[in-house]
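These notes concern the structure reproduced below.
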Amino acid sequence: MLIIPLITKKCYNEIMEIRENVPIASLTTMRLGGNARYVVSVKTPEDVRAAYIFAKDHNMPVWVMGGGANTIGRDEGFPGVILLNKITGIFIEQDGKFVAAENINTDSLDEKLILKGMGGEVWDNFVKVACDLDYSGIEALSMIPGTLGAAPVQNIGAYGQEISQVILSVEAYDTKTTEFVTIKKSDMQMSYRSSRFNHGEDAGRFVILSVTVKLHKGELQRPFYNSLERYIEKYHETNFSPNNIRRMICEIRADKLPDPKLVASAGSFFKNVFLNKDESDAAEAKGIPVWRSANGEGKINSGWLIEQCGLKGKEMFGFKVSDKAALVLINKTAKSYHDLDQARQTIIDAVQENFGYILGQEPVEMPILTEVD
C-alpha cells in the first residue's frame, strides 16, 4: 500500500491510499488482464480531482472503472492509474433540494420524480428505489450489471428502455479544464450504446460523478420486447406496474444471463444489429425476426444470429457461448486476451458468412500503452 501525503488542502482533504501492481483480472467481470500500475478508489468528488493530480504528477494516464462489467483488460496491463468510482448515494428532489432516498417523505411525492444517484452506486440499487416508489422509466433496465456512472456513457438499454429516455443531466469532473461541471441531456449526443462520453473527441474526458433522471407514475404499455411478451403470455401476467415489470425482468435475466459475481462474463458481449426501414424489410423477407420501432426501423437480436450459426453452447479457446443466451460469452478457462480475440472473431466471422452482418462488441477494451519512465 502506497501512502500519498497531502499536497494542498485545495486538492486533498485526507490522505489517499493507492494500491500498486493490481491484477486487472481481479477488477473486471471477464477476469482478464495483466497488472495496473496503480489503483485508486475514490469516495468523494475531491478524491477524483486528487487522483488526476497524482496521475499528472507521475505522467500517467487514467482509466475510469466502476464495477468492471464493461471493461476488458489486456495481457499487457495498464501502466497508469485505474480510478475506481466508489462515490455512493441515492437522492430525491423534494422542495427544491435533494434528500437522501431513505429519508424522503413519500406522502409529498407527485406524478413526477426527480431521482439522482452518485456515480459509484450500483445501477440496480437505483432501479430498485424507483420501482419501490412505483415510478416508471427504468424498470426494464433491472439487473444490468455495473455502476450508475457507466450508465450514460454507454447509454444502457434493455427490453425497449434506454437511460437516454429519462436522463436529465450528469455532474462530472472535466479532466480537460479540471473543473466540476453539469452536462444536460441535450449535450450528451446519445444514440444506441453511444454517447459523447465514449465517442468522438470527448471520449474519456469526463468522469461521471452523479446522474439525474426524471421518472413518472404509471405503467408500461404493450407490446413489450419479445422475451418479456413471451413471459407475460406464459404466466398470464396482467399487472404491468414498475415493481412487477422489474420482478419479471429479474426472473428472465436470472434465467438467461450469468451472475458476473459467480461466472466470468461481461454480460451481453455483442450489440444487437440495427437496421433502417429498407434493411428491416429485407431481413424479414429472409425470415429473420426483427424488432420494429414505430418509424419502421428495426433491430436483430445478435443472440439469435449466433444461435442460427450453430454456436450456442459451443466452447472455443477457453470461452463458451452461453447455452441460455447466445449473445453472452463466458470465460471458462481462458487467461489470455488472445484467447478472447480468437473466440470473438470466430463468432463474428460465422455471423458475417451466414447473414452478412458484422457484430459489434459492447464492453470496451483497455488500451495498450507503453510504460512511462
Side-chain angles (χ1 to χ4, degrees), residues 42-45 48 66-67 69-70 85-173 180-188 190 195-197 206-221 239-250 253:
V42 296
K43 298 181 179 180
T44 70
V48 176
N70 194 46
N85 191 338
K86 300 295 184 181
I87 309 173
T88 60
I90 299 175
F91 307 88
I92 294 171
E93 187 179 66
Q94 192 169 49
D95 299 326
K97 299 180 180 179
F98 279 103
V99 180
E102 61 268 24
N103 298 328
I104 203 72
N105 177 12
T106 57
D107 294 336
S108 65
L109 298 179
D110 55 25
E111 291 300 305
K112 303 293 183 181
L113 182 77
I114 306 300
L115 188 65
K116 174 181 177 179
M118 304 309 291
E121 189 66 56
V122 174
W123 168 257
D124 196 56
N125 291 346
F126 191 68
V127 178
K128 185 177 187 304
V129 168
C131 291
D132 285 347
L133 292 172
D134 201 33
Y135 284 89
S136 176
I138 55 176
E139 59 269 46
L141 307 183
S142 293
M143 281 186 69
I144 292 179
T147 55
L148 192 54
V153 176
Q154 194 190 9
N155 185 20
I156 61 171
Y159 301 96
Q161 286 185 338
E162 285 185 338
I163 192 173
S164 61
Q165 297 166 347
V166 297
I167 194 167
L168 292 178
S169 64
V170 302
E171 294 173 316
Y173 176 68
F180 296 107
V181 298
T182 298
I183 302 173
K184 296 181 179 180
K185 175 187 174 180
S186 57
D187 295 322
M188 295 182 195
M190 287 183 151
S195 71
R196 175 186 181 184
F197 308 120
F206 299 98
V207 181
I208 307 299
L209 305 176
S210 74
V211 177
T212 300
V213 302
K214 185 177 182 179
L215 309 175
H216 62 275
K217 287 284 188 179
E219 297 184 352
L220 289 179
Q221 300 297 313
N239 176 4
F240 304 138
S241 66
N243 243 334
N244 206 43
I245 289 289
R246 171 175 167 76
R247 177 190 62 79
M248 289 187 275
I249 294 294
C250 286
R253 291 183 68 94

### Minimal non-hydrogen separation, A158 against I144, with atom names
CB-CD1, 4.1 Å

### Task
May I have the step-by-step check of side-chain contact (heavy atoms from CB on, under 4.5 Å) for V170 and S210, ending in yes or no?
CA-CA 6 Å; V170 302; S210 74; 5.9 Å; no

### Task
Step by step, work out the side-chain contact (heavy atoms from CB on, under 4.5 Å) result for H216 and E111.
CA-CA 6 Å; H216 62 275; E111 291 300 305; over 6 Å; no

Which donor-acceptor pairs under 3.5 Å do side chains of residues 120-130 form with protein atoms, sequence neighbours excluded?
from, atom 1, to, atom 2, distance (Å)
E121, OE1, G89, N, 2.8
E121, OE2, N125, ND2, 3.2
W123, NE1, L141, O, 3.0
D124, OD1, M143, N, 2.6
D124, OD1, R246, NH1, 2.9
D124, OD2, R246, NH2, 3.0
K128, NZ, D132, OD2, 2.7

### Task
Test L148 against T88 for side-chain contact (heavy atoms from CB on, under 4.5 Å), laying out the working first.
CA-CA 9 Å; L148 192 54; T88 60; over 6 Å; no

### Query
With side chains defined as the heavy atoms from C-beta onward, is the minimum distance between R196 and F206 less than 4.5 Å?
yes

### Query
How about E139 and S142: does a side-chain donor come under 3.5 Å of a side-chain acceptor?
no

#### Entry: pair V166-I138: side-chain heavy atoms closer than 4.5 Å
yes

### Message
Tell me if the NZ atom of K184 is crowded by more than 12 foreign heavy atoms within 6.0 Å.
### Response
no

### Query
F240 versus Q221: any side-chain heavy-atom pair under 4.5 Å?
no

### Message
What I'd like to find out is whether the side chain of I114 reaches to under 4.5 Å of the side chain of T212, using heavy atoms alone.
### Response
yes

### Task
Identify the heavy atoms of K217 and L133 that sit nearest to each other, and give their distance.
NZ-O, 3.1 Å

### Task
Nearest 0.5 Å please: distance from the CG atom of N70 over to the OG1 atom of T147.
9.5 Å

### Query
Do I104 and Q94 have side chains that get closer than 4.5 Å, going by heavy atoms?
yes

### Query
Which value, rounded to the nearest 0.5 Å, describes the distance between N105 atom CG and I92 atom CD1?
10.5 Å

### Query
Any side-chain heavy-atom pair from I163 and M190 closer than 4.5 angstrom?
yes

#### Entry: Minimum-distance pair of heavy atoms, taken over all atoms of P152 and I167
CB-CD1, 3.8 Å

### Task
Would you check if I183 and I208 make a side-chain contact, meaning some heavy-atom pair closer than 4.5 Å?
no

### Message
On a heavy-atom basis, which atom in P242 and which in C131 lie closest, and how many Å separate them?
### Response
O-SG, 3.7 Å

### Query
Between atom OG of S195 and atom CG of N155, what is the distance when rounded to the nearest 0.5 Å?
7.0 Å

### Task
Compute whether any side-chain donor of one residue and acceptor of the other, for S241 and N243, lie under 3.5 angstrom apart.
no

### Query
Nearest 0.5 Å, what's the CG-OG distance between L168 and S186?
10.5 Å

### K214 and K112, any side-chain heavy atoms less than 4.5 Å apart
yes

### Query
For the atom pair CD (E171) and CZ (F180), what is the distance rounded to the nearest 0.5 Å?
10.0 Å

### Task
Indicate the atoms forming the closest heavy-atom contact of P145 with R253, along with that distance.
CD-NH2, 3.8 Å

### Query
How many angstroms lie between atom CG of L113 and atom CG of L115, to the nearest 0.5 angstrom?
5.5 Å

### Message
Show me the pairs that pass ring-ring contact (aromatic ring centres under 6.0 Å, His included) and involve residues 95-114, at least two apart or across chains.
### Response
none

### Task
Return the minimal non-hydrogen interatomic distance between L209 and P45, and the atom names on each side.
CD1-CB, 4.0 Å

